[in-house]
Amino acid sequence: MKSPIVAPSILAADFANLEREVKMINDSQADWIHIDIMDGVFVPNISMGIPVVESIKRHARKVMDVHLMIVQPERYVEAFHKAGAEVISVHVEACPHLHRNLQQIKALGCKAGVAVNPHTSVNQLEDIIHDIDLICLMSVNPGFGGQKFIEHTFDKVKRLKELINRNKTKTLIEIDGGVNLQNAKPLMEAGADVLVAGNFVFSSATPADVIRQLKAL
Ligand code: DX5
Ligand code: ZN
């Protein structure tokens with residue numbers, strides 16, 4: 001089995017010590033830094049904005065994976081790109097013109113991702129799969145870290161992997177929410193490529209060690 005792309009979620013970090021937290025990620029085996037942007041409209045919570053992403057970028061030596069949980073993401077995609085985002089995901093539920101959103105992200109030179117809420121069927125992506133670099137399957141309801149993993153996600157990963165194979169695209173499958181050492185391996189076996197982990201990493205006294213364990217599944 002290939003090893004996962006591991007993306008610690010900065011939402012679970014100590015925001016008063018962001019430089020220290022980013023350096024921990026830099027020095028670890030993590031591949032990406034996952035950054036959750038919440039607007040208090042699409043999701044019932046507010047997290048951080050563009051100045052914080054810029055501050056992270058000043059220290060980050062890993063790929064910045066920005067997950068936009070916001071309405072009308074087209075208004076901010078360019079600003080997040082300028083702030084340092086290299087992967088940008090928008091929510092299918094927030095984008096009536098998803099094809100246009102993805103072209104906008106790609107035109108900036110970023111990888112274009114689509115995030116999918118737990119209730120949204122992956123079958124909805126059949127006609128857009130060729131345009132998607134990454135699909136972020138939400139394995140919790142977006143808005144908060146530290147929630148319980150929704151088991152139905154396993155079924156969705158398998159069906160999404162079939163869709164990707166059938167269409168012969170290189171789309172990556174990212175799992176976001178409640179990832180831990182129990183579900184990580186079966187998720188990879190089902191077809192996942194990227195594992196986001198927030199609380200599981202940052203609540204540990206030895207976060208770099210948890211990252212190493214996720215890489216070594
Ligand atoms: C949830 C966020 C997740 C979150 C994951 O809205 O999109 O990225 O930070 O955190 P854990 O791993 O704690 O569920
Ligand atoms: Zn996220």
Side-chain angles (χ1 to χ4, degrees), residues 2 4-7 9 31-32 34-39 41-43 63-78 80-81 85-143 147 149-179 183-184 186-197:
K2 65 180 185 325
I5 293 171
V6 172
S9 176
D31 302 276
W32 294 0
H34 186 83
I35 303 175
D36 289 313
I37 308 297
M38 305 177 183
D39 66 354
V41 178
F42 180 69
V43 288
V63 170
M64 303 220 340
D65 170 33
V66 172
H67 175 194
L68 296 180
M69 285 161 272
I70 66 176
V71 297
Q72 299 181 331
E74 61 278 0
R75 295 189 297 160
Y76 296 105
V77 157
E78 192 173 349
F80 280 107
H81 161 64
E86 291 157 275
V87 183
I88 300 181
S89 296
V90 295
H91 264 267
V92 62
E93 301 86 3
C95 294
H97 304 289
L98 183 61
H99 183 272
R100 183 182 292 150
N101 293 95
L102 296 176
Q103 304 316 317
Q104 183 195 15
I105 295 168
K106 287 185 185 178
L108 295 166
C110 296
K111 273 197 197 305
V114 175
V116 174
N117 275 344
H119 75 275
T120 300
S121 171
V122 294
N123 300 341
Q124 270 197 35
L125 303 173
E126 178 97 50
D127 289 295
I128 188 80
I129 190 76
H130 286 98
D131 297 287
I132 309 178
D133 296 315
L134 169 137
I135 293 172
C136 175
L137 281 186
M138 294 309 302
S139 39
V140 298
N141 284 297
Q147 301 180 82
F149 180 84
I150 297 171
E151 294 291 323
H152 181 64
T153 310
F154 287 114
D155 187 53
K156 286 179 84 170
V157 181
K158 285 182 203 145
R159 282 187 290 120
L160 180 55
K161 190 70 186 175
E162 278 164 25
L163 183 93
I164 290 167
N165 289 342
R166 199 162 62 240
N167 285 279
K168 301 187 174 58
T169 70
K170 295 201 167 70
T171 314
L172 297 174
I173 303 178
E174 177 176 62
I175 311 296
D176 189 10
V179 169
N183 54 31
L187 283 167
M188 292 301 294
E189 284 165 354
D193 302 287
V194 186
L195 300 178
V196 174

Between [X] and [Y] (side chain of the first, backbone of the second, donor and acceptor by atom type, cut-off under 3.5 Å), is there such a pair?
X    : Y    : result
N167 : H130 : no
S139 : I150 : no
D39  : V41  : yes
Q147 : N141 : yes
D31  : V6   : yes

Check: [Y] and [X] side chains under 4.5 Å, non-hydrogen atoms:
X    : Y    : result
I129 : I164 : yes
N117 : F42  : yes
S121 : R159 : yes

Listed once per pair and sorted, the side chain to side chain donor-acceptor pair (under 3.5 Å) pairs that draw on residues 92-103, sequence neighbours left out: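 Output for this query lists E74-N101, H91-E93, E93-T120, H99-Q103, Q103-D131.
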Who passes side-chain hydrogen bond (donor to acceptor under 3.5 Å, both in side chains) against [X], sequence neighbours left out?
X    : value
D193 : K2
E162 : none
D65  : H34
S9   : D36

Given the rule in the side chain to side chain contact (heavy atoms under 4.5 Å, CB included) test, do I175 and I173 qualify, once you have shown the distances and angles that lead to the verdict? CA-CA 7 Å; I175 311 296; I173 303 178; 4.0 Å; yes
Which heavy atom of L195 sits nearest a heavy atom of A192, and at what distance? CD2-CB, 4.4 Å
If you count the non-hydrogen atoms of other residues, nucleotides and ligands that lie under 6.0 Å from OH in Y76, is the total more than 12?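 Check fails, neighbour count at 12 or below.
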D133 vs K106, side chain to side chain contact (heavy atoms under 4.5 Å, CB included): CA-CA, chis, key distance, verdict: CA-CA 9 Å; D133 296 315; K106 287 185 185 178; 3.7 Å; yes
Calculate, to the nearest 0.5 Å, the distance between atoms SG and CG belonging to C136 and L68 respectively. 11.0 Å
Gap separating the CD atom of E126 from the CZ atom of R166, nearest 0.5 angstrom: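 It is 5.0 Å, given to the nearest 0.5 Å.
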Sequence-distant partners of V63, side chain to side chain contact (heavy atoms under 4.5 Å, CB included), two or more places apart: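 Counting only residues at least two positions away or on another chain, V63 forms a side chain to side chain contact (heavy atoms under 4.5 Å, CB included) with W32, E86, V87.
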Go through the steps for L102 and I132 under the test side chain to side chain contact (heavy atoms under 4.5 Å, CB included), then give the verdict. CA-CA 7 Å; L102 296 176; I132 309 178; 3.8 Å; yes
Exactly one of V66, V77, I88 should register a side chain to side chain contact (heavy atoms under 4.5 Å, CB included) with C110. Which one does?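 Of the listed residues V66, V77, I88, the side chain to side chain contact (heavy atoms under 4.5 Å, CB included) partner of C110 is I88.
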Apply the test side chain to side chain contact (heavy atoms under 4.5 Å, CB included) to residues V114 and L125: give CA-CA distance (whole Å), side-chain angles for both, the deciding distance (0.1 Å), then the verdict. CA-CA 9 Å; V114 175; L125 303 173; 4.2 Å; yes
